[in-house]
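Note that these values count all heavy atoms, side chains included, but never hydrogens, waters or copies made by symmetry. Counting starts at 1 for both ligands and their atoms, following the listed order.
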Amino acid sequence: MEEPNFFAAVQHQLDEFAKMLKLDSEIHALLRHPMRELHVLLPVRMDDGSTRVFQGFRIQHNDARGPAKGGIRFHPHESVDTIRALSMLMTWKCALADLPLGGAKGGVIVDPATLSEGEKERLCRCWIREAWKNIGHLVDIPAPDVGTTPQMMGWMMDEYIKLRGEFYPGVVTGKPLGIGGSLGRKEATGFGAIITVREALKHLRLDPKECRASIMGFGNVAQYVAINFVKTGGKVMGVSYWNRNDRKSYTITKRDGIDPCFLQSITDQYGSIDNKKALSNGYQVEDGDAWLLKEVEVLVPAAVEGVITGETLKKISPKVRIIAEAANGPTTPEADAILRKNSNIFVIPDFLCNAGGVICSYFEGVQNNMNYYWDEEEVNQKIEKTMVNAFRRVVETATEEKVYLRDAAYIIALKRVITAMKLRGWVRSDAALR
Ligand code: GLU
């Protein structure tokens, strides 16, 4: 499922904008690669007494606007290039949401489902022991991502606090409630994605009650995408997921729409649904790709990168009006080139669509740093306001500049990052950004 050239693809995207915006070469050079990279080896004592050495990374793409920010992935096919690409996307995501944060990403090459609880804890603590001098609430703030959980963030926070000897809960976000986690964080990415879908439906003058969605994935993001889409009045016709037992993907469907809360109750912590329980409750189990073929108005890739390709676009229903990129980088450059010419499909770009998670993370950090906590309503209102502002700004820019939505999002984010770099004196203040 991994896109081997994901980093090359995001660099290529940046190169195109550099040409379009006539960026000076010094600005282009500073943004084309991450500013800092940490590569570490993590020796972890396994339950059987042996030691396994894992490879880990933390990559800070740009911190001109504030401390670097981004998740840590635990994935068996993790690669430095994927982390580099994702760190760059975090820079754009934070800037587009107008958060005073830069972009980073981390990772470990590991399948977390093969580790015991104790092994996972030792791996998380080991990661912090290697990275703690390079992170901090004023430096770089990790968070959960694919394969990592709030509990893991709790262990990481604890290890950092022990090493520092002072209570710094804001060093990591996405922590469990009770040790500095924020209300609303678990739900935030899916909640935010559906705010952008709701705004897009309004923009297209479509009634959510008459809209159907189909979702790829049923992990944390996808679950709250489904729950919130149903709350807006729409129907979710299918969700696909990866079954780790037989290593196959399936789509779970129901003729009148699925009940996401029921499916959530029969799903494990890695997003694997219990097929037998689904079948015995009136659901159908179809092929992994079936989610793409459903007759729906809204398609939501909410799992991994590179799943919307030129080929898959040929198969989607002509009814599709919105592709909401809840995953990071789900659309390949080839598919994107087709979509930008197809004015019938409104593509909500990833770093807008899935910004709810990092927005809530930012508010978690703010609450940690002031040691005062808001109720869920207050957190959600703040997320909603930030998402809606970002969405409107993207649509306005796309309309004014007559550009594709993804280009509009890039233009806004790039301008903000470049302004910060100029104001800080990293590049000439008269460096071109026309
Ligand atoms: N991993 C999430 C993302 O890709 C959240 C990052 C964060 O909360 O810092 O946006």
Within a distance under 4.0 Å of any heavy atom of [X], pick out the atoms of ligand 1 and give their elements.
| X | result |
| --- | --- |
| G70 | 9 (O) |
| N328 | 4 (O) |
| K93 | 3 (C), 4 (O), 10 (O) |
| M90 | 3 (C), 4 (O), 6 (C), 10 (O) |
| D145 | 1 (N), 2 (C), 4 (O) |
| A143 | 7 (C), 8 (O), 9 (O) |
| P144 | 1 (N) |

Using a 4.0 Å heavy-atom cut-off, say whether [X] meets ligand 1 through its side chain, its backbone, both or neither.
| X | answer |
| --- | --- |
| K105 | side chain |
| L89 | neither |
| P142 | neither |
| R185 | side chain |

Checklist entry - Is it the case that K382 places NZ or CZ above or below the six-membered ring of W374, under 6.0 angstrom from the centre and within 45 degrees of the axis? => result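 Relative to the ring axis of W374, which defines the angle, K382 lies inside both limits.
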Checklist entry - Applying a strict 4.0 Å limit to heavy atoms, is G174 in contact with ligand 1? => result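 Distance cut 4.0 Å: G174 fails for ligand 1.
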Checklist entry - In the protein, which heavy atom is nearest to atom 9 (O) of ligand 1, and how far is it? => result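 Ranked first by proximity to atom 9 (O) of ligand 1 is K69 NZ, 2.7 Å.
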Item to check | Closest protein heavy atom to atom 8 (O) of ligand 1, given as residue, atom name and distance to 0.1 Å | outcome: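 Scanning the protein heavy atoms, the shortest distance from atom 8 (O) of ligand 1 goes to S361 OG, 2.5 Å.
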Checklist entry - Is there side-chain contact between M216 and S240, with at least one heavy-atom pair below 4.5 Å? => result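 A side-chain contact exists here, since the closest heavy-atom pair is under 4.5 Å.
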Checklist entry - Do W127 and R129 have side-chain heavy atoms sitting under 4.5 Å apart? => result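 No; the side chains remain at least 4.5 Å from each other.
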So, [X] versus [Y]: side-chain donor-acceptor pair below 3.5 Å or not?
| X | Y | result |
| --- | --- | --- |
| T251 | K294 | no |
| Q13 | Y410 | yes |
| N368 | Y373 | yes |

Checklist entry - With respect to P349, which candidate in T331, N354, L405 satisfies the side chain to side chain contact (heavy atoms under 4.5 Å, CB included) definition? => result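 Exactly one candidate clears the test, L405.
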Next on the checklist: Over 60° means perpendicular and under 30° means parallel, so tell me whether F346 and H203 are parallel, tilted or perpendicular.
Outcome noted: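 It falls in the tilted class, 30° to 60°.
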Item to check | N-O pairing of R45 and E119 below 4.0 Å | outcome: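 E119 and R45: not salt-bridged.
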